[in-house]
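What follows is one structure encoded as structure tokens, with my remarks underneath.
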Amino acid sequence: MKKKVILTKNYLEEAIKRLKEKFELIIVQDTGKDFVEVLKENQDAEALISFLSDNITKESIDICINLKIIANYAVGYNNIDYKHAIKKGIYVTNTPDILTAATADLTMALILSVSRRIVESDEFVRRGKFNGWEAKLMLGKELNGSTIGIIGMGRIGLALALRAKAFGMNVIYYSRTRKKEIERKYNLKFVRFIELIKESDVVSIHIPYSQDVHHLFNKDVFNLMKNDAIFINVSRGGLMDERCLAESLEKNELFGAGLDVYEFEPKITEKLKKLKNVVLAPHIGSATYKTRLAMAMMTVNDVILALSGKKPDYLIPEYKL
Ligand code: DGY
């Protein structure tokens, strides 16, 4: 008899095909039923593949008594009560590294879109307002020679630093643990958090979300930023107080912002949608076909390993502590 695997939503066909070859696959989205209801009907399921938008609580983890692995289809895993899973001996995996380039590219795309007012320009042209070259039309911010402050110098932070350097930007960074080797190798400068906030022309966050860093970017922090600075968040919405950001943008206390994540995702503060100085993306950091397929195959392989009694390849760091 095939072992049961629950996948919360549909993802890439190649991965689904592989799962179906090996397991009895239940896709919650296709049942039209509620997630918890499906778990209750399939208490013998041994693996759960979740999305970052699924809230995997202690209660839901406890429903499937034979659960061996929760494979999250994302690098972030703040949506899972992983401490509870680890306590129960359930493997928790994520998809690190593979999405670094795609996410850093999207970050750079947002920085460019905001600094050169690309979305606003596109709308201007489509509305028939372009009447010819003008000296002061859509003046933006020059990246060359400006300073980018990167919060978090993990894989994505570093990938962004290298891209920013190629655009002639000076890179400063803040991270909980200083990365001296990386600093030396790539000529990056470590600064204190407050210093970074005050000195940067572009501030971009690349840290995982946890309660400890909830609203790291609040009214006080936005107030400390330069009046013509750009704020970028492709990490997690909870890292910023979205209402305060919208207010700062409305009052032009910032040049602009580029967001791929939202505090109450998928809900977005209404005010943000009305502002011209913010570019809004629908959480597409890792959304290239190549990356999303590789991420999906990572979840499949880890499920195969766990259900054949082996240790999965991509256990979250906390599992190893
Ligand atoms: C992740 O994998 O955590 C990212 O947010 C995807 O864009």
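The analysis underlying the following values was restricted to heavy atoms, covering all of them including side chains, and did not include hydrogens, waters or symmetry mates. Just so it is clear, the structure is predicted and the values come from calculations on it, not from any experiment. Just follow the structure's listing: the first ligand is 1, and inside any ligand the first atom is 1.
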task: Measure up the Y319 and Y91 rings against each other and bin them: parallel (under 30°), tilted (30 to 60°), perpendicular (over 60°).
output: tilted
message: Heavy-atom contacts with ligand 1 below 4.0 Å: which residues, ordered by chain and residue number?
response: L52, A74, V75, G76, L99, R236, H283, G285, S286
message: Taking the basic N atoms (NZ, or NE/NH1/NH2) and the acidic carboxylate oxygens, is any pair closer than 4.0 Å for E46 and K68?
response: yes
field: Side-chain heavy atoms of L110 within contact of N233, under 4.5 Å
entry: no
- request: Calculate, to the nearest 0.5 Å, the distance between atoms CG and CG belonging to N42 and N66 respectively.
  value: 12.0 Å
message: Using a strict threshold of under 4.0 Å (side-chain N to carboxylate O), is an ion pair present between K58 and D81?
response: no
statement: d(R117 CZ, N277 CG) to nearest 0.5 Å is 9.0 Å
